[in-house]
There are 2 protein chains.
Amino acid sequence: MPKETFFNLPAEKQALIFDVAIAEFALHPYEQASVNRVVARADIAKGSFYQYFENKKDLYLYLLQRIGEAKLDYLAPVMGNARQHDFFTLLRDLYAAGIQFGIENPRYVEISKRLMESKGSPIYTEVMEANTSAASELFETLLRTAISNGEVRSDIDVPMFAYLIASMNTLVMEYYIEHIARVGDDQLLATVEQFIDFLKNGIGASAGKAPSTQGALS
Amino acid sequence: MPKETFFNLPAEKQALIFDVAIAEFALHPYEQASVNRVVARADIAKGSFYQYFENKKDLYLYLLQRIGEAKLDYLAPVMGNARQHDFFTLLRDLYAAGIQFGIENPRYVEISKRLMESKGSPIYTEVMEANTSAASELFETLLRTAISNGEVRSDIDVPMFAYLIASMNTLVMEYYIEHIARVGDDQLLATVEQFIDFLKNGIGASAGKAPSTQGALS
DNA sequence: ATATAATGTGACCGAGTGGTCATGTGACCG
DNA sequence: CGGTCACATGACCACTCGGTCACATTATAT
């Protein structure tokens with residue numbers, strides 16, 4: 001956590017430092033990110049930085065916390081409807097909201113990705129000890145209730161598919177952001193719909209489900 | 001490519017340097033990996049290193065090339081049977097072989113993962129220019145022929161699912177290596193079978209397929 | 001034995017790192 | 001006016017980095 005001195009700063013200066021730091025950690029993994037560059041770009045003295053933050057890690061954890069809060073805020077409304085929808089609909093909304101969040105905060109996504117990449121690095125363990133991979137656990141719970149409700153096959157390896165579903169969220173997001181221009185929400189929803197349909201029915205021809213994913217919803 | 005001097009070295013010394021370098025790049029991303037540590041652990045003088053390799057990048061690209069060759073050798077027999085099996089069976093064999101390769105060469109996998117993570121770093125672009133993400137293209141071809149053969153639904157977004165299938169290979173491998181002890185090949189095949197079945201039929205309860213994945217094959 | 005070519009060696013270089021600290025500055029208080 | 005306190009500052013520290021280079025050592029050939 002930053003020191004009092006940081007929060008005593010005028011809001012604009014706080015925001016400037018925050019933005020510059022976000023850009024730095026979005027561009028470089030933790031070990032590579034440079035405090036020197038941050039202070040230079042934020043136009044503050046090196047000494048001042050260390051009056052705002054304990055050290056580099058302090059800044060980094062602060063950024064992660066802010067990012068986590070932002071994402072939670074973003075997903076809260078969707079999770080609020082949890083009981084009203086079936087499993088796959090809820091999943092669709094979670095994915096769509098997650099991707100939308102990624103589109104609006106690409107640098108946050110970069111930072112999260114770089115964290116995931118740093119598996120094995122000391123900082124990764126430190127972060128994850130307090131986090132315990134919340135996403136995977138959430139999906140595990142959702143999967144189990146979905147199985148109870150008869151919405152999902154009961155013969156699957158729940159932890160494995162929870163892991164897959166959590167990770168695929170990132171995959172679909174990356175693919176969407178990199179390969180599909182943000183033409184509009186229609187594209188996003190269509191992509192997510194197609195993916196959810198895949199989760200539900202697979203890609204095998206045998207399923208014979210109605211291919212209702214294209215243009216079915218506005 | 002290393003200089004002649006490197007290949008003039010006694011095979012043991014070449015192997016030692018190779019192993020030490022592999023360990024270093026498995027533990028640290030490219031920018032973080034230290035030539036100093038490599039020469040120290042391989043017990044050669046700094047100057048000698050630069051008589052074997054042009055620079056750090058030269059060493060790194062050499063490792064990647066060797067890794068690529070090793071993996072190709074590993075997958076060659078499976079790909080040889082490409083025409084004899086249906087799409088999902090071929091996919092299962094590819095996944096199983098890939099995971100087996102990962103189990104036997106965990107440090108190679110680490111290195112590949114660290115490369116993929118370094119997206120945006122200058123070294124990544126440089127490597128990928130010569131590589132063009134062969135895996136994704138391979139799966140795209142396989143998917144198209146599978147659609148022609150009526151094995152796969154024709155209404156899917158082929159590039160997206162090629163990307164997903166390529167990436168999920170890594171996911172399943174990571175999950176298997178981290179969460180399932182290597183009790184034996186049975187476990188591996190069972191895991192992969194379950195995953196392929198998911199690809200084919202999804203996890204929706206409606207599919208009603210026979211749950212033949214457990215223990216169906218020795 | 002001598003000349004020549006090939007290879008080994010580690011001190012050294014410039015640059016960058018995270019972090020410290022003595023000093024400077026200015027606002028508030030009595 | 002003097003004193004105090006919060007904050008600003010950038011020179012500086014010890015360290016690591018990738019890479020170089022003058023020189024020592026060894027192998028080969030004559």
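So you know, we letter chains A, B, ... as the sequences are listed, proteins then strands, and number each from 1.
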Return the value, rounded to whole Å, for the distance between atom [atom1] of [X] and atom [atom2] of [N].
X       : N      : atom1 : atom2 : value
B/Lys3  : D/dG19 : NZ    : C1'   : 11 Å
B/Leu9  : D/dT26 : CG    : C1'   : 14 Å
A/Tyr52 : C/dT20 : OH    : C1'   : 17 Å
A/His28 : C/dG18 : NE2   : P     : 11 Å
A/Asn55 : C/dT20 : CG    : P     : 8 Å
B/Phe49 : D/dC21 : CZ    : C1'   : 17 Å
A/Lys13 : D/dC7  : NZ    : P     : 13 Å
A/Gln32 : D/dT16 : CD    : P     : 16 Å

OP1 or OP2 of [N] less than 4.0 angstrom from a side-chain nitrogen or oxygen of [X], does that happen here?
X       : N      : value
A/Tyr50 : C/dT20 : no
B/Thr5  : C/dT7  : no
B/Asn36 : D/dT16 : no
A/Arg37 : C/dT17 : yes
B/Asn8  : C/dT7  : yes
A/Ser34 : C/dG16 : no

So, B/Phe49 versus B/Tyr52, ring centres under 6.0 angstrom or not?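 That pair fails the under 6.0 Å test.
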
Proximity of A/Phe139 and A/Phe87 rings by center, below 6.0 Å
no

Looking at the side chain of A/Lys56, which of C/dG8, C/dG18, D/dT9 is the nearest nucleotide?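 Side chain of A/Lys56 sits closest to C/dG18.
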
By nearest-nucleotide position on DNA chain C, the 5'-leaning member of A/Tyr30 and B/Ala45 is B/Ala45

**Study point:** Note: B/Glu110-B/Arg107 ion pair, threshold 4.0 Å (strictly below)
**Key:**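 No.
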
| said: I'd like to know if A/Glu126 pairs up with A/Lys57 as an ion pair, taking the criterion as any Lys NZ or Arg NE/NH1/NH2 lying under 4.0 Å from an Asp or Glu carboxylate oxygen. | reply: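 Between A/Lys57 and A/Glu126 there is a salt bridge, with a charged N closer than 4.0 Å to a carboxylate O.
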
When all nucleic acid strands are considered with a 4.0 Å heavy-atom cut-off, which category describes B/Leu59: base, sugar-phosphate, or nothing?
->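 No contact.
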
Looking for any heavy atom pair under 4.0 Å, which part of the strands does B/Ala40 touch: base, sugar-phosphate only, or nothing?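 Since no nucleic acid heavy atom lies under 4.0 Å of B/Ala40, the category is nothing.
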
With both distances under 3.5 angstrom, what nucleotide forms a Watson-Crick or G-U wobble pair with C/dC29?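 D/dG2 - that is the nucleotide pairing with C/dC29, both distances being under 3.5 Å.
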
Just checking, any donor-acceptor pair under 3.5 angstrom between side chains of B/Tyr176 and B/Gln187?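 No, B/Gln187 and B/Tyr176 have no side-chain donor paired with an acceptor closer than 3.5 Å.
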
Ignoring hydrogens and geometry beyond distance, is the side chain of B/Lys46 in donor-acceptor contact with the base of D/dG19 at under 3.5 Å?
yes

